[in-house]
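Structure first, commentary second.
The figures here come from the full heavy-atom set of this structure, side chains too, leaving out hydrogens, waters and symmetry mates. Owing to the predicted nature of the structure, the values given are computational and were not obtained by experimental measurement.
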Amino acid sequence: MTFWISLIVIAAVIVALIAVFGAKEEKLYDSEEEFEADAKRQSLIGAGIVELHKVFQPHRAKQIMEEKIRVKQEKNFSGDKPHDPPPPDPPKED
């Protein structure tokens, strides 16, 4: 009986390895048009999810969007100098 159980476990492991290593790889695009069409489709799905979030949790969706805007405006990693140069000093009158 133990022999059959171990045989089933070994067969299951082999089938799992074949399934993992035989899985489809990331899609490679033949042309730029295919890539653009796929990107547009994915962005529409993301936009739909955001709109559903706005309907069911408007306050939380507003917080998330404000956070995204703030992060985009900062564009700095922690400890980096600001990207924009500082404004020039006004001329001194003597």
* Once you round to the nearest 0.5 Å, how far does CD1 of Ile64 lie from NE2 of His59? -> 10.5 Å

* To do: Apply salt bridge (Lys or Arg N to Asp or Glu O under 4.0 Å) to Glu67 and list each qualifying residue two or more places apart in sequence or on a separate chain.
  => Arg70

* Which pairs count as salt bridge (Lys or Arg N to Asp or Glu O under 4.0 Å) when at least one residue sits in residues 2-14, sequence neighbours excluded? -> none

Could you list the donor-acceptor pairs under 3.5 angstrom formed between side-chain atoms of residues 47-58 and any protein atom two or more places apart in sequence or on another chain?
unit_1 : atom_1 : unit_2 : atom_2 : d
His53  : NE2    : Gln57  : OE1    : 2.8

